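Everything below concerns the one structure shown next.
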Amino acid sequence: MDKFISKIYRFMYGRYGFDQLSRFLMFAGLIMAVLCMFLRFLPTHIPYYICSFLNTFFYVFAFYRILSRNISKRTLENERYLRLRDKVFPMFEERAKSMRDRNYIYKKCPKCSAKLRLRRIKGKHITKCPKCGLKFNVRVFIEYKDTGNTQGYY
């Protein structure tokens, strides 16, 4: 088993590997595969063939990127994908920020829409917006407790 793993390591040395765009392509291929299962039973097979082609294209392109030796070009592709993803889906950026910063919650001021970073303390609180001065209620349902247990996390 160790010989097999070392052969894989030697094979992958100098190759680009797995990144966010490759992960998206694999997920899109999986979605297309599930969609193809349902489209197969339609009376006309043209949608099935299109879906099957897209499924194959997503998987082939993902593996091409993973096994590519042109690291700089794949990095630029991934950066372009991340910029587009963050424009189209800003919730990914918010989710990543909330995962990094578990002691705080982010709320918008109802008057000026300024983003406020508030301590995560369970209960109902009155908050004053530093930008416009509006006082409004904020409810926090879950309090983050740092137990110091990092077992299983790197």
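Computed from heavy atoms alone, side chains included, the values below leave out hydrogens, waters and symmetry copies. The first residue of the sequence shown is numbered 1, and numbering continues consecutively from there. Treat the numbers as computed from the prediction; the structure is a model and nothing was measured.
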Less than 3.5 Å apart, any donor N or O on the side chain of Thr75 or Asn78 sitting next to an acceptor on the other? no

**OP:** Applying side-chain contact (heavy atoms from CB on, under 4.5 Å), run through Met26 and Phe63 and close with a yes or a no.
**Re:** CA-CA 9 Å; Met26 296 290 247; Phe63 282 113; 3.6 Å; yes

Can Arg120 and Asn103 be said to form a side-chain contact (heavy atoms from CB on, under 4.5 Å), step by step? CA-CA 5 Å; Arg120 188 183 293 264; Asn103 292 327; 5.6 Å; no

For Gly29 and Tyr59 the tightest heavy-atom approach is C-OH, 3.5 Å

Separation between CD1 (Ile31) and SG (Cys51), nearest 0.5 Å, reads 10.5 Å

When rounded to the nearest 0.5 Å, the distance separating NZ of Lys128 from SG of Cys109 is 12.0 Å

### Message
Taking the side chain as everything from C-beta on, heavy atoms only, tell me whether Met12 gets closer than 4.5 Å to Ile66.
### Response
yes

Residue pairs meeting ring-ring contact (aromatic ring centres under 6.0 Å, His included), one or both in residues 4-36, sequence neighbours left out, come to Phe24-Tyr81

Within a strict 4.5 Å, meaning less than it, do heavy atoms of the Val140 and His125 side chains meet? yes

**OP:** Under the side chain to side chain donor-acceptor pair (under 3.5 Å) rule, what do Asn55 and Ser52 come out as? Steps first, then yes or no, please.
**Re:** CA-CA 5 Å; Asn55 178 20; Ser52 180; 5.7 Å; no

Here the gap from Ile121 atom CD1 to Ile105 atom CD1, rounded to the nearest 0.5 Å, amounts to 9.5 Å

Does the plane of the ring in His45 sit parallel, tilted or perpendicular to the ring in Tyr48? Use 30° and 60° as the thresholds.
perpendicular

**Prompt:** Is there side-chain contact between Arg65 and Leu21, with at least one heavy-atom pair below 4.5 Å?
**Reply:** yes

Side-chain heavy-atom pair Lys135, Ile126 within 4.5 angstrom cut-off: yes

Query - Worked verdict on Phe136 versus Leu116 for side-chain contact (heavy atoms from CB on, under 4.5 Å) - result: CA-CA 12 Å; Phe136 61 97; Leu116 305 176; 3.5 Å; yes

Worksheet item: Hey, any chance Phe61 and Leu30 share a hydrophobic cluster, counting ILVMFWY side chains that come within less than 4.5 Å of each other, even indirectly?
Response: no

Taking Tyr49 as the starting point, is it possible to reach Val34 by hopping between hydrophobic residues whose side chains are less than 4.5 Å apart? no

(Q) Taking Glu77 first and then Arg80, would you say they form a salt bridge - that is, a charged N and a carboxylate O separated by under 4.0 Å? (A) no

Sorted by chain and residue number, the salt bridge (charged side-chain N to carboxylate O under 4.0 Å, His left out) partners of Arg117 (sequence neighbours excluded) come out as Asp101

Is Val60 linked to Phe53 within one hydrophobic cluster, defined over Ile, Leu, Val, Met, Phe, Trp and Tyr using a side-chain heavy-atom separation of less than 4.5 Å? no

Rounded to the nearest 0.5 Å, the CZ atom of Arg69 sits from the CZ atom of Arg74 at a distance of 13.0 Å

Taking the side chain as everything from C-beta on, heavy atoms only, tell me whether Ile71 gets closer than 4.5 Å to Arg15. no

Here the gap from Arg119 atom CZ to Thr127 atom OG1, rounded to the nearest 0.5 Å, amounts to 13.0 Å

Interatomic distance, NZ@Lys107 vs CG@Leu118, rounded to 0.5 Å, equals 8.0 Å

Heavy-atom closest pair (Pro47 atom, Leu39 atom, distance to 0.1 Å) is O-CD1, 3.7 Å

Point to revise | Beyond-backbone contact of Glu79 with Leu82, side-chain heavy atoms, under 4.5 angstrom | key: no

Q.
With a sphere of 6.0 Å drawn around CD1 of Ile46, does it hold more than 12 non-hydrogen atoms of other residues, nucleotides or ligands?
A. no

